[in-house]
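Residue indices begin at 1 and follow the sequence shown.
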Amino acid sequence: ITIHQAFIGSEVVDWLFSKVQGFTDRREAKKYATQMLKAGFIKHTVNKSSFSEQCYYTFGDIAAALASCNLKDSDGSHSEPDRDTLGPLPTPGTGWAPPP
């Protein structure tokens, strides 16, 4: 059976470990792949919920996975660390000028 644009789990782990900085070993890359599956960025071809390097996957619905990301706290407010902060702007005439 041919599954359009499918890839095997070990390829995901290999790619993450070789292309993404921050993993100290393949085990960490595999844990990250498991999180990608849970978040919906990849999906199992037969709808299993656990990640395996021997199984086949396709890319999930990225829009749906991103929709589950939320910057608001459970009460609907933004927590202080989530808010972008802009420092004071330089006073005009203090010698600062944008690059030409």
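Contact check on Asp61 versus Lys43 returns no salt bridge, with no Lys/Arg side-chain nitrogen under 4.0 Å from an Asp/Glu carboxylate oxygen.
Side-chain atoms of Tyr56 and Val46, non-hydrogen and from C-beta on, never get closer than 4.5 Å to each other. Looking at heavy atoms from C-beta onward, Cys55 lies in side-chain contact with His44 at the 4.5 angstrom threshold. At least one side-chain heavy atom of Arg26 sits under 4.5 Å from a side-chain heavy atom of Asp14. In this structure the side chain of Gln5 never reaches within 4.5 angstrom of the side chain of Thr58, judged on heavy atoms.
Rounded to the nearest 0.5 Å, atoms CG (Leu37) and OH (Tyr57) are 6.0 Å apart. Here the NE2-OG1 distance, from His4 to Thr45, works out to 14.0 Å after rounding to the nearest 0.5 Å.
With sequence neighbours excluded, the residues satisfying side chain to side chain contact (heavy atoms under 4.5 Å, CB included) with Phe23 are Leu16, Phe17, Val20, Glu28, Ala29, Tyr32.
Hydrophobic clustering places Phe59 together with Val13 (ILVMFWY residues linked when any side-chain heavy atoms are closer than 4.5 Å, directly or through intermediates). Under the 4.5 Å side-chain contact rule for hydrophobic residues, Ile3 and Ile8 do not share a cluster.
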